[in-house]
Amino acid sequence: MVINNLVRNNNRQVLEIILNSIAIIVAVSIFLKAIIDIDTNYDVGWYHLPFAARIWGIVPKSSYISENLIEHRYDGFPLLAHFFQGLLWKITGRIQATNLVGYFSLIAYFALLRKYFQVPLYLSVIAIFTIPAVLTHAAGSFVDLPGNVAVSALMMMVYSLFRQSQLPNKQELIIIILSATAGVNTKPQLQPLVFLIYWVVAIRLVWLYFKDTQNKPKLGLTILGAIIASVLIFATPIKNVALYGNPFYPIKIEVAGIVLNHKLTPDTYSEGHRPQKWLRSILEINTPEWTTDQWNGGDETLLDRAGGFFGAYVVFNFLLLAILTIVEQLQNRQLASNKSRKAIAALITVLLMSLVPANFPQSHELRYFMFWMIVLVSLNLYLVSSWHQTAIKWIRPNYLGVVCLLFLVTVCIKIDNYYLRPVFNSLEPYLKDTVKTELLEQMIPNDRICLIARHAISDPTSVPFAQIHNVFYYSSYFHPEIKYPYSIKAAVDPRDCGTLKVIPPNAQDFIEP
């Protein structure tokens, strides 16, 4: 018996060493991709990078102005992630540094799971990178990942908050406040969710405050701290109310029949069947191949921008949580005291948090709601990690790590490892392949020109300038070889150019009236 135990323990240690090694390789490979490869996704060049560059004066407004609707987004959308992207770009002098905001947010989240939920780092890395939406965003400059990671951290801390009978300590409170602040001030889609969580947490903290008679702060300091925290968390909506009279500016909002000041009316407001679309999307029924934006490539048989959670992985994690809940209940029947409520609380958390993304506009666009899958996986990681000393032999972190690794291998095969390793697409060759020198030659010294982007054209294949995209890369910052200063206004319609010179000059001929 002793020899068998020694052999078994030795095998577990070897397995953990292997899993740790694989996790390190995966994390390092994605890090290298983030610092080497420029993110060439359309949205990144259209507004994420321009926002980051403008905040820190890298490419100021005097040098580059986005088209009108994008400018409204800069005015009203939360810009916290762009702030940090620009900061890293400014410090390093490399545009690729903007990719590190999402990557480092994941690293911080892995550390949170390790410190507060005792989840081994190798298990977090393997299990969470197995989520295709996370993997395809981890080395890029979209801001969906850092916002959703922040909300995931918030959800995990709230889950922990409802399992304890005393007030959280200062560190836990700081994490809750910072997570909520990052979520609200990074993605507008996350603001309603955090607002709901805010009130749930507030009610719970008030309950614990009056229930916990030991070591609680003075009431006056508590109220002051709550006010300061609230202002930090909802800084962007408060700013928008003060400047534009609409917390979600520039999005159209109607309150008591009154339409607030806005510039954008999303088409998704009128869409129906949101829960059904969300279920189709998480189960990946007729969804596109895994990419960063999940575009369907014009194939109308596929639900556009849907999928990204790996349907089989979703089913596996939900079944695992259900099984762990059943096992917990069976164990509780054998106990007279100290009954566990971890799994049932996790299941309730998942069911409740599903209500928001399932009924939200664009419910099927899962990159806006990655927190749902991250939290589902994280809760399973926590439960398995906290039960590793139980008599049930199959509840082991390393066993779960092996299963998740098999899923990860499947994901890597389907995406051809593109998002898992650098392809050495740095800025210089990208500019050479993308920017048209014949257009640069038409820039006017010390003046602004209007450059038309390709998505203004209904049929891009029919026009000679159809490959003009990511207009941002035509700005003077990227072309020091041009010895005179010039400025750019990006537009999707020549009619928005006013009196500015339009490049290409024949763009008007291809715009439908």
Margin query: Assess, by modelled atom type and distance only, whether the side chains of N41 and D43 contain a donor and an acceptor separated by less than 3.5 Å.
Written below: no
Item checked: For T186, all residues meeting side-chain hydrogen bond (donor to acceptor under 3.5 Å, both in side chains), sequence neighbours excluded -> none
Check: For the residue pair F472 and F478, is the inter-centroid distance of their aromatic rings smaller than 6.0 Å?
Finding: yes
Please set out all donor-acceptor pairs under 3.5 angstrom arising from side-chain atoms of residues 308-317, sequence neighbours excluded.
residue, atom, partner, partner atom, Å
Y313, OH, A127, O, 2.8
N317, OD1, N380, ND2, 3.1
N317, ND2, Y313, O, 2.9

Side-chain atoms of residues 115-123: list all donor-acceptor pairs with protein atoms under 3.5 Å, sequence neighbours left out, distances to 0.1 Å.
residue, atom, partner, partner atom, Å
Y116, OH, Q171, OE1, 3.2
Q118, NE2, K115, O, 3.2
Y122, OH, N398, N, 3.3

Notebook entry, point to check: So, for Y368 and F360, is the gap between ring centers shorter than 6.0 Å?
Noted result: no
Checklist line | Donor-acceptor side-chain pairing of S378 and Y109 below 3.5 angstrom | finding: yes
Next item on the list: Answer yes or no: is there an ion pair linking D293 with R367, defined by an N-O contact shorter than 4.0 Å?
Entry: no
Taking only distance into account, with no hydrogens and no angle test, what donor-acceptor pairs under 3.5 Å do side-chain atoms of residues 19-31 form with protein atoms, sequence neighbours excluded?
residue, atom, partner, partner atom, Å
N20, ND2, E16, O, 2.9
S21, OG, I17, O, 2.9
S29, OG, L420, O, 2.3

Note to self: Which heavy atom of S63 sits nearest to which heavy atom of S476, and what is that distance?
What the structure shows: OG-OG, 4.3 Å
Show me, pair by pair, the donor-acceptor contacts under 3.5 angstrom made by side chains of residues 422-429, not counting sequence neighbours?
none

Next item on the list: Would you please indicate yes or no on a ring centroid separation below 6.0 angstrom for F234 and Y198?
Entry: yes
Item checked: Y74: partners by ring-ring contact (aromatic ring centres under 6.0 Å, His included), with sequence neighbours left out -> F51
Next item on the list: Give the minimum heavy-atom separation between Y477 and V59, together with the two atoms involved.
Entry: CB-CG2, 3.6 Å
Next item on the list: Taking only Lys NZ, Arg NE, NH1 and NH2, and the carboxylate oxygens of Asp or Glu, determine whether R73 and E67 approach each other closer than 4.0 Å.
Entry: no
Notebook entry, point to check: Angle class for the W372/W278 ring planes (parallel below 30°, perpendicular above 60°, tilted otherwise)?
Noted result: perpendicular
Check: For the residue pair S475 and I488, what are the closest heavy atoms and their distance?
Finding: N-CD1, 3.5 Å
Notebook entry, point to check: Does NZ or CZ of R204 come closer than 6.0 Å to the centre of the six-membered ring of F162, within 45° of the ring's axis?
Noted result: yes
Notebook entry, point to check: Looking only at side chains, do D37 and Y418 share a donor and an acceptor under 3.5 Å apart?
Noted result: no
